[in-house]
Every structure is written in structure tokens, then in C-alpha cells.
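In what follows, chains carry the letters A, B, and so on, assigned in the order in which the sequence lines appear, proteins first and then strands, with residues in each chain numbered from 1.
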Amino acid sequence: MFYRHVGSMKTSYAQELQLFPVAQERWAFLALLVIGGVVLPRMADSYWLGSILLPFLILSLAAIGANVLTGYAGQISLGSGGFMAVGAYAAVNLVIRVPALPFPVTFLLAGVVAGAVCALFGLLSLRIRGLYVVVATLMAQFLIEWICTHVPWLYLNNASGIVGAPPLSLFGIPMTSVAARYEIAFIFTVLLALLARNLVRSPEGRGWLAVRDKETAAVLTGISVPRAKITAFAVCGFFCGVAGALWSFLYLGNVDVEAFTMHRSFQILFMVIIGGLGSIAGSFLGACFIVLLPVAITNLATLLGGTIRPDMVANLELMIFGGLIIGFLILEPRGLASLAMRARERLRRWPFKY
Amino acid sequence: MSPLSFFFEVLIGGLLSGVMYTLVALGFVLIFKASGVFNFAQGAMVLFAALNFVGFTELGLPWWTALMVTLAAMVVLAMAIERAVLRPLLGQDHMIVFMATIGLSIFIEGLAQLIWGTDVRGLNLGLPEDPIFIGDILVSRADLMTAAVAALLVLGLSLFFTLTRIGRALRAVAEDTQAAQVAGVPLGMIWAVVWSAAGVIALVAGLVWGARLGVQFALTLVALKALPVMLLGGFNSIPGAIVAGLLIGASEKLAEVYIGPYVGGGIENWFPYALAVAVLVFRPTGLFGSTGVARV
């Protein structure tokens with residue numbers, strides 16, 4: 001009754017097109033921005049800020065990219081980790097070889113490089129379909145990992161193969177404190193998430209949905225399937241690439257291919273599944289869930305007396321993880337996002353029963 | 001040793017390791033044929049089977065009892081999967097089911113290691129260790145035994161498929177699920193049988209691979225070796241899995257020996273994939289896969 005679509009009269013096309021048509025959602029979004037961008041960096045302690053919120057934001061960004069490819073365009077990707085690696089290596093090479101560029105530009109360029117590489121692998125999806133694409137993205141993952149460890153030029157001829165990320169600064173102001181790094185990740189994530197939210201409702205985004213739902217039908221309605229697939233791959237690569245650059249520069253402090261193995265790819269795919277296929281907000285929910293679950297399990301274990309050995313906790317974690325994924329797919333194939341949608345429906349009728 | 005006989009030694013070594021890939025790929029193909037499910041958990045099942053066998057023998061059971069108990073465990077696992085995962089997801093998009101099997105593989109990995117621990121265990125099957133010479137080519141006898149076991153397994157499977165009633169029902173389900181259901185084939189039972197058969201294959205693969213690598217978490221990664229085999233052979237062809245396994249094994253070893261030194265080595269992780277994808281670009285359903293007609 002209070003939370004409603006009807007009755008909010010629109011007087012311009014801009015209002016018709018706005019991202020959050022319901023007033024309460026607009027306020028909620030603004031409140032989230034203020035809490036996340038202003039309150040948290042000042043209030044939260046550095047453990048929560050640096051070890052939980054920061055990885056959560058960066059992984060959300062990668063999950064958005066994977067969601068564009070898997071949830072919107074229907075091409076399951078097991079190469080997200082590899083694409084993140086491309087972004088990380090591109091960023092460190094740009095920062096060290098072209099120091100004149102300010103780092104936000106560098107990160108975006110790194111995303112563009114990753115997008116181009118990803119689109120290159122996307123070319124394969126034009127010939128092969130469905131599950132075969134999954135295996136092709138897995139090939140991308142292994143190939144990228146191999147190239148990142150076998151081309152000395154990429155890791156700047158370091159003997160260890162690990163490149164330290166130079167500390168960031170903008171206009172001469174160093175940005176190395178936890179709060180500053182969190183702030184950078186926050187700004188990147190929010191802006192790119194808004195970009196993604198707009199992309200998926202653009203003509204390009206509608207093309208992805210059509211290709212996902214039925215390729216043959218999409219062709220018949222005049223959608224260029226090759227174009228839709230390649231753009232989906234490129235956008236996925238861009239988001240994953242920026243996330244990879246942020247991950248190495250803001251979170252790890254070094255560029256190491258070990259951070260972007262197949263396990264990372266699976267982790268990101270799970271975020272997409274649990275959060276909700278085909279939902280940008282779902283990517284955040286899924287990332288939040290997967291980042292918090294190990295913390296919750298460990299805390300629960302200590303709460304229960306701490307009698308469980310650490311390796312048992314790890315195995316229990318695997319079981320709970322696997323069980324949750326199966327459970328979600330059976331009960332709620334569209335993930336946490338659909339739970340949120342249902343709450344929204346309920347809210348719309350509140351306080352009435354129907 | 002002459003370059004030619006060195007070539008043949010590498011080739012034969014590769015073919016024999018290809019047999020090991022085929023063993024894993026067969027489990028995938030069997031399930032895909034009968035239920036259209038791409039079972040990502042096959043690698044986890046290999047680990048589960050091998051860990052069970054080693055665990056039971058360490059408890060003091062004689063090897064054949066351990067084998068029987070493990071077989072029983074695999075059948076129970078298959079039935080549980082059918083009941084808890086496949087049945088609720090019946091009729092869902094095959095991508096959803098695929099992702100569910102990824103969840104399943106994590107669950108089984110956790111379960112297996114929760115029961116038996118995470119230590120690396122040795123597995124000695126009493127296979128002859130010393131290689132033999134054929135001409136001046138060195139061949140591992142353990143690998144030859146493995147190949148023989150694999151051949152027996154394939155023979156047994158094809159007899160089971162052609163001669164038994166359940167085998168006929170299985171082929172009917174693979175041909176046309178709905179028509180088979182109309183004809184009165186109990187789908188749930190068939191799936192349980194297929195997953196049990198895949199469990200048996202996982203057990204054989206687990207023993208063979210476990211004897212080579214030690215029984216440990218890395219066994220799940222052999223599933224990744226089987227993926228390019230399936231890609232090349234087609235997801236639904238048993239002869240395809242055999243031929244592709246041999247091809248991948250041989251070309252992987254040859255590439256590692258003859259191309260590897262020029263590019264810095266370590267290419268066995270991605271070379272089979274690249275080979276398979278290169279073939280796919282020209283034949284999108286693999287060497288032996290059947291093509292379908294796209295309809296709206």
C-alpha cells in the first residue's frame with residue numbers, strides 16, 4: 001500500500017526509464033550508498049573492512065561479469081578466474097610500463113584487454129554450443145594460467161613469477177590505507193554495477209536474453225546471435241578483468257596466477273548460481289553469501305566448543321556448500337535474488353493479505 | 001636408441017595413458033547417454049570409490065571383501081543421488097542439472113574426506129612394477145594390465161547393454177526418454193542402475209589412478225583429463241570415448257616430448273583441450289557425436 005508502483009505518476013521519459021521506479025527503493029539505494037561509502041569506512045574495524053568487505057566488493061564485480069555471460073547470455077563460464085588473471089597482469093604491466101596513466105584509467109584499460117581476450121575465446125562459442133562451451137572456457141582458464149607462468153615478459157622477468165603491485169596514488173596522494181583501498185573498490189563496484197544494470201536492459205542485453213532462451217528463435221526475430229554472444233563474452237571479460245586488477249592491487253598487493261586458478265572460477269560460478277542467474281543484485285547477494293559462509297561456519301564451530309578439527313571444518317564446509325548449491329537449484333533455481341523478489345511482492349501488498 | 005623406436009616408445013606410453021583417460025570418460029558418457037546429464041561429479045566419485053577401498057582394506061578387510069563393500073557403497077551412493085538430486089530436478093534445463101552435479105561433486109569430496117581423512121594413502125594392487133622390452137621399446141607392464149582391465153570393462157558393459165533386459169531398457173531410455181516411459185520403463189530405476197554402473201567404472205578408474213598417483217584429493221582432477229576426451233569423442237558415444245582417449249593420450253605425450261621443450265614445457269594441462277576444441281571448430285559435435293536438428 002505504501003510501497004507501490006501504481007499511483008506514482010510519471011511526467012517525463014526520463015522518469016519512465018529510471019532504474020528504481022519505486023520511491024522506497026530509491027531511498028534504500030541511496031541509504032546503501034551512504035552506509036557503504038561513508039559510514040562503513042569510518043566505523044568498521046580494519047579486519048572487517050580489509051578481509052571481508054573488500055573481497056566481497058571485488059568478487060561481486062567478477063560475479064556480475066560471470067552473471068552477464070552465464071545468467072543473461074546463457075553461456076556457462078568456467079574461465080572467470082583466467083579472465084581475472086588477464087586483467088591483473090594487464091594492469092600491472094600498464095602501471096609499471098606506462099606510469100604516466102592515473103590508476104583508474106589503467107584499471108579500466110586492463111578490463112578492456114581482458115574483454116578483448118575473453119571475446120577471442122567467445123569466438124569459439126559461435127561454432128560450438130551448450131556444454132561444449134563450458135569445456136572451451138575451461139580451456140581458456142588453463143591456457144591463460146599457462147601463458148601467465150610461461151611468458152617472462154608478462155611477469156616482468158621476475159624470477160619468482162610473482163610481481164609486487166606498486167602502491168597506488170592519485171594526484172600525488174597515496175592511497176594505501178585499508179579505508180582508501182575499500183573506498184576505491186566501492187566506487188569502482190558501484191559505478192560498474194550501475195553500468196551493468198543499464199547494459200542488461202539495453203537492446204544488447206535483450207539480445208543476450210533472447211539467445212539464452214532459444215537461439216533459433218532469436219535468429220528468427222532478427223537478433224544477430226554472433227554479435228550477442230561476442231558482446232556478452234567481451235562484457236564478462238571486462239568486468240572480470242577490472243575485478244582481477246582490483247583483487248591484486250587492492251586486496252593481495254601482488255600479481256600471482258595462483259589467485260586466479262580454476263577454484264576461483266568455480267567460486268564465482270557458485271556466487272552466480274546462489275545469488276541468482278540473470279540478476280545484478282543477485283550477484284551481490286551471492287558474493288556476500290559465499291564470502292560470509294566460511295566465516296559463519298568457523299564461528300559456529302568455535303561456538304560449539306571448538307572440538308572440531310580444522311580439516312574437518314574444511315570438509316564440512318565443502319559438504320554444506322555442495323548441499324546448498326543442490327538445494328538452491330532444486331528449490332529456487334533463480335537464487336537469493338528470487339527470494340528478494342518474493343519479499344518485494346509481499347511488501348507491495350502490505351499490510352493487506354492480498 | 002634410434003629416434004624411430006623412441007617415437008614408438010612415446011606413442012605406446014601415450015596410448016596406454018589414453019586408456020586411463022578413457023576409463024574416466026566412460027563414466028561420463030554412460031550417464032550422459034542414459035539421462036542427458038553431464039555428470040561433473042564423476043571425478044569426485046573416482047575419489048570416493050578409491051578412498052573407500054583403501055579405507056576398508058586399512059581397517060583389515062581382505063581385498064575382495066573391501067571391493068564388495070565399496071561396490072555396495074557406490075550403489076547406495078548412486079541410489080541416493082537419483083533420489084535426492086535427479087528426481088527433484090527432472091524436467092529442468094540440462095544446464096541447471098549440470099550445475100547441480102558441480103554441487104554434488106563438492107559434496108562428495110567433502111563427504112569422502114570427512115569419513116576417511118585427507119591424508120595421501122598409497123595403494124598397492126600388486127601390479128608388476130618392472131617394465132618389459134618389446135624389441136628395444138620400453139613398455140610398462142602395469143600400464144598393459146590396466147589396458148587389459150579397461151578392455152574387459154568395455155566388453156562387460158557392451159554385453160550388459162546388449163544381452164540383459166535392463167540393458168535393453170537402458171538403450172531405450174537413451175534413444176528416446178519419453179517413448180521409453182510410455183512403454184513402461186521405470187525411469188528412476190534405470191537412472192539408479194546407470195549411476196551405479198558409472199560408480200563401478202569410477203571404482204575401477206579410482207583403483208588404477210590411485211595405484212599410480214596415490215589415493216588423495218588430486219584424484220578428482222583426473223575428471224579434468226577426461227573432459228577433452230569427451231569433447232573430442234562426442235558426449236554420447238562409447239566408441240568415441242575409446243578412440244578419443246587413445247588419440248588424446250598419444251598426442252599429449254608426443255606434444256610434450258616434441259613440442260614442449262620449445263615452449264617451456266608444462267603444456268599437458270591445456271594441450272588436450274586445445275586439440276579437442278580445434279577439432280570441434282570443424283566438427284561441432286565431436287568425432288562420433290550425433291547431430292541434432294535445431295527446432296524452435
TODO: Give me the contact list for residues 66-87 of chain A versus chain B, heavy atoms only, anything under 4.5 Å, ordered by residue number.
DONE: A:Ile76
Open item on the list: Run A:Tyr132 and B:Leu231 through side chain to side chain contact (heavy atoms under 4.5 Å, CB included) and show every step you take.
Closed with: CA-CA 7 Å; A:Tyr132 292 91; B:Leu231 210 58; 3.3 Å; yes
Contacts under 3.5 angstrom, residues 241-248 of chain B side chains, donor-acceptor by atom type, not counting sequence neighbours:
none

- [ ] Would you please name every residue forming a side chain to side chain contact (heavy atoms under 4.5 Å, CB included) with A:Thr149, sequence neighbours left out?
- [x] A:Val257
- [ ] Could you tell me which portion of A:Phe270 (side chain, backbone, both or neither) has an atom closer than 4.5 angstrom to a non-hydrogen atom of chain B?
- [x] side chain
Open item on the list: Using a 6.0 Å cut-off, check whether atom CE of B:Met79 has over 12 heavy atoms from anything other than its own residue.
Closed with: no
Open item on the list: At a 4.5 Å cut-off on heavy atoms, which part of A:Ile320 comes close to chain B: side chain, backbone, both, or neither?
Closed with: neither
TODO: Would you please name every residue forming a side chain to side chain contact (heavy atoms under 4.5 Å, CB included) with B:Val76, sequence neighbours left out?
DONE: none
Task: Heavy-atom contact with chain B under 4.5 Å, split by part of A:Ile273 - done: side chain
Open item on the list: Show, in sequence, the C-alpha distance, side-chain angles and deciding distance for A:Leu277 and B:Met99, and conclude whether the side chain to side chain contact (heavy atoms under 4.5 Å, CB included) test is met.
Closed with: CA-CA 12 Å; A:Leu277 289 163; B:Met99 293 194 272; 3.8 Å; yes
- [ ] Write down the atom of A:Leu318, the atom of B:Ile106, and the distance for their closest heavy-atom approach.
- [x] O-CG2, 3.2 Å
- [ ] Tell me, for B:Leu224 versus chain A, whether the close heavy atoms (under 4.5 Å) come from the side chain, the backbone, both or neither.
- [x] side chain
- [ ] State, yes or no, whether a side-chain contact exists between A:Ile128 and B:Val281 at a heavy-atom distance under 4.5 Å.
- [x] no
Open item on the list: Would you compute the distance between atom CD of B:Glu109 and atom CG of A:Asn315 and round it to the nearest 0.5 angstrom?
Closed with: 9.5 Å
TODO: Assess whether atom CZ of B:Arg87 is packed by more than 12 heavy atoms of other residues, nucleotides or ligands within 6.0 Å.
DONE: yes
Task: Pairwise distance CH2(B:Trp270) to CG(A:Leu138) - rounded to 0.5 angstrom - done: 14.5 Å
Task: Proximity breakdown for A:Leu143 and chain B, heavy-atom pairs closer than 4.5 Å - done: both
TODO: Check whether B:Ala112 gets within reach of chain A through its side chain, its backbone, both or neither, counting any heavy atom under 4.5 Å.
DONE: neither
Open item on the list: Is it the case that over 12 heavy atoms from other parts of the model lie below 6.0 angstrom from the CE atom of A:Met262?
Closed with: yes
Open item on the list: Heavy-atom pairs under 4.5 Å with chain B: which of A:Val134, A:Ile325, A:Ile330, A:Leu126 has the most?
Closed with: A:Ile330
- [ ] With the side chain counted from C-beta on, respond yes when B:Leu114 and A:Met319 share a heavy-atom pair under 4.5 Å apart, and no when they do not.
- [x] yes
Task: Close aromatic pair by centroid cut-off 6.0 Å: B:Phe271 and A:Phe142 - done: no
